[in-house]
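The sequence lines fix the lettering, A, B, ..., with proteins before strands; numbering per chain opens at 1.
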Number of protein chains: 2
Amino acid sequence: MDAALAEDSYDLIVLDVMMPGEDGLSVCRRLRVAGSIPILMLTALGDDDDRIRGLDLGADDYLPKPFNPRELVSRVRAILRRTSHRENGIGHLAGRRVKFSHLELDYDQAVLASNDGTAVPLTSGELKLLSIFLERPRATLRRDELALLTAGRELGPLDRTIDNQVSRLRRKIEPDILRPRIIRTIRNEGYCLSCDVEVIE
Amino acid sequence: MDAALAEDSYDLIVLDVMMPGEDGLSVCRRLRVAGSIPILMLTALGDDDDRIRGLDLGADDYLPKPFNPRELVSRVRAILRRTSHRENGIGHLAGRRVKFSHLELDYDQAVLASNDGTAVPLTSGELKLLSIFLERPRATLRRDELALLTAGRELGPLDRTIDNQVSRLRRKIEPDILRPRIIRTIRNEGYCLSCDVEVIE
DNA sequence: GCACGTTGATACATTTGGTGACAAAACGGC
DNA sequence: GCCGTTTTGTCACCAAATGTATCAACGTGC
């Protein structure tokens, strides 16, 4: 699958959970970190909690076996209806340069250049987090969504990982660190990139 | 439902199939003709063919009763993840500046600038409350409506939460705190933004 | 193995907003 | 007007949420 994905692009993946070796949930996690390709999970495990976990891991739908093949078709159609004509989000940033606020990100170089001429390198984690925000300007992202999209992991109850990453990123992008205005905190909800984003060709 | 839809905009509809009068499938059809609001169908009819029909009519997902409430939440999230847009729930204010009374709100910066040159930052809670008022100028909003819109929660009988939030917001926007003119109290009813609102750009 | 940078975990400081108490204001009946 | 009642304003306190410094674990390149 990895080889095929590297080769071509696909509209949707139907993913079984019970597989020898790496299981479907783990694959789902990896796919989510890598991009936003639609996933329909399919499994004999009809358990509620399994479905919930699958969906929370970023799957678009979860169909328990045994299933009616026509239902599979209908569900695939339902997902594609939603995902196909989706132009609103900024596509993939890989290889692009992106302007936002007073900054310009060079994705390939992982370098942030400021209006005032200074430039800062980003670590891979910071770049990942920042691109997730840049692809979804003005969307409020919960901590668990961010954890899923950055690292493909679920958050424990006392997990401050995302706060830490945001804090580190802010240090590099906020002009006034005491009053963050690019990545804003939405109390009880998460974080939100509150500026326009322009992708340079 | 039709009246509510004409009045406000919604992110998603959870639709039961078995209803007295017009049934859910018919409603779904109508909604699809009217627009693309996400629909999650919910029903006691667990039959394959019903699910397939629902999905083919344009529903985004179809969950048979009895269902696990957490699964409903996960499925709603999965749909909303796809339909993205969801910019904070704050429709047309995101990224705008708004003039009202002697003030100008910069939504992105979460800063209130006054005619006299002073500027005050707002907390995320204050910003949310203020935007709710700014989106509904001169509408009287009951405390329970405000609680629902700000925090998505119901109010207890002795709950002074909203009064407190309004009080805190007033401190930042009222020129004469002893005589609030911008957010007026309507006794036994609620609060009301009593000035014109102009969205810039 | 060692120096280095990155990242997650932990601990602590700070901010925010809900709660309950009480004061002030509004209202109604007289 | 006067009083009692209800409603509202706001203060002080506290619990929860968030920001971030620091440390440990880990990997990487030499």
Distance test, side-chain N/O of B:T185 to OP1/OP2 of D:dG9, below 4.0 Å = yes
Less than 4.0 Å between a side-chain N and a carboxylate O, is that true for A:R75 and B:D61?
-> yes
Establish, with yes or no, whether the OP1 or OP2 oxygen of C:dA9 is under 4.0 angstrom from a side-chain nitrogen or oxygen of A:T161.
-> yes
Heavy atoms under 4.0 Å, any strand shown: does A:R168 hit a base, just sugar-phosphate, or nothing?
-> base
Contact under 4.0 Å: B:Y191 side-chain N or O vs D:dT7 OP1/OP2 = no
Does B:K128 reach the main-chain N or O of A:I186 with its side chain, forming a donor-acceptor pair under 3.5 Å?
-> no
When all nucleic acid strands are considered with a 4.0 Å heavy-atom cut-off, which category describes A:R160: base, sugar-phosphate, or nothing?
-> base
Can you check the A:L155 CG to C:dT10 C1' distance for me, whole Å?
-> 16 Å
What's the CG-P distance between B:N164 and C:dA21, to the nearest Å?
-> 14 Å
Please report the closest heavy-atom contact between B:I200 and B:R96, naming both atoms and the distance.
-> O-CD, 4.1 Å
How long is the line joining CG of A:L178 and P of D:dT20, in whole Å?
-> 8 Å
Here the distance between atom P of D:dA16 and atom CZ of A:R187, to the nearest Å, is 11 Å
